[in-house]
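To keep things clear, I will list the structure first and then write my remarks on it.
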Amino acid sequence: MFEQMKIAAADNLKLPKDVVLGEVLVSFVGRSCVIVENYRGILIYDDRTVKLQAKHCKLQFCGKRLHIDYYNHDEMKISGWIQSMEFGE
């Protein structure tokens with residue numbers, strides 16, 4: 001119920017849902033770079049897979065020569081050859 005009220009308020013006030021609801025925001029720059037905002041933690045990290053926990057889901061990036069350029073409490077940049085991204089529970 002509270003979640004529905006937040007969604008309605010965001011819609012009525014024209015506020016971005018990623019800010020109001022804490023949804024994950026994923027921005028690709030071609031196939032070589034992705035910026036992830038509003039993530040909660042790193043679950044798996046190697047040169048072929050980066051798996052992250054977000055508020056409502058998990059995200060998995062697969063590719064080659066993947067590396068995390070930087071990360072802080074709410075934003076991360078992943079570089080390399082990104083072949084796929086998948087949402088999970």
Side-chain angles (χ1 to χ4, degrees):
M1 173 115 166
F2 183 66
E3 201 68 22
Q4 291 174 341
M5 290 173 48
K6 288 192 325 188
I7 292 170
D11 286 340
N12 290 334
L13 297 172
K14 308 282 191 255
L15 297 172
K17 290 183 182 171
D18 61 301
V19 174
V20 175
L21 303 175
E23 292 290 340
V24 67
L25 183 63
V26 181
S27 303
F28 282 90
V29 180
R31 293 187 71 169
S32 63
C33 174
V34 64
I35 308 233
V36 182
E37 297 178 61
N38 297 333
Y39 73 97
R40 293 230 169 138
I42 301 169
L43 302 174
I44 298 172
Y45 174 44
D46 61 37
D47 67 334
R48 293 190 165 271
T49 305
V50 178
K51 189 171 187 177
L52 305 174
Q53 178 68 54
K55 184 175 182 180
H56 300 291
C57 65
K58 293 178 180 156
L59 293 97
Q60 181 167 306
F61 300 91
C62 296
K64 297 178 183 174
R65 298 182 307 278
L66 298 180
H67 59 279
I68 297 173
D69 289 339
Y70 69 84
Y71 67 96
N72 56 38
H73 67 279
D74 63 356
E75 183 178 278
M76 169 185 296
K77 180 181 178 184
I78 302 168
S79 295
W81 184 251
I82 301 165
Q83 294 174 312
S84 66
M85 188 203 90
E86 182 178 314
F87 287 98
E89 295 299 315

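None of these values were measured; they are calculated from a predicted model.
Note on Trp81: it does not cluster hydrophobically with Phe28, by side-chain heavy-atom contacts below 4.5 Å among ILVMFWY residues. Residues Leu66 and Ile44 fall into different hydrophobic clusters, defined by Ile, Leu, Val, Met, Phe, Trp and Tyr side chains chained together at heavy-atom separations under 4.5 Å.
Taking all atoms of both residues into account, the shortest heavy-atom contact from Tyr45 to His67 is OH-CA, 3.4 Å. Gln83 and Arg31 make their closest contact through CA-NH2, 3.6 Å (heavy atoms, listed as atom of the first residue, atom of the second, distance).
When the side-chain contact (heavy atoms from CB on, under 4.5 Å) test is applied to Lys58, the partners found at least two apart in sequence or on another chain are Leu43, Lys51, Gln53. Judged as a side chain to side chain donor-acceptor pair (under 3.5 Å), and not counting sequence neighbours, Glu86 has no contacts. Asp69 meets the salt bridge (charged side-chain N to carboxylate O under 4.0 Å, His left out) test with Lys77; sequence neighbours excluded. With sequence neighbours excluded, the residues satisfying side-chain contact (heavy atoms from CB on, under 4.5 Å) with Tyr71 are Tyr39, Ile68, Met76. Contacts of Leu59 classified as side-chain contact (heavy atoms from CB on, under 4.5 Å), with partners at least two apart in sequence or in another chain: Val24, Val26, Ala54, Cys57, Phe61, Met85, Phe87.
Taking CD from Glu37 and CG from Asp74, the interatomic distance works out to 7.0 Å, rounded to the nearest 0.5 Å. Taken from CD1 in Ile82 to OG in Ser32, the straight-line distance is 7.0 Å, to the nearest 0.5 Å.
Put simply, the side chain of Lys55 does not reach to within 4.5 Å of the side chain of Glu23, judged on heavy atoms.
The hydrophobic cluster of Val29 has no other members, since no ILVMFWY side-chain heavy atom comes under 4.5 Å of it.
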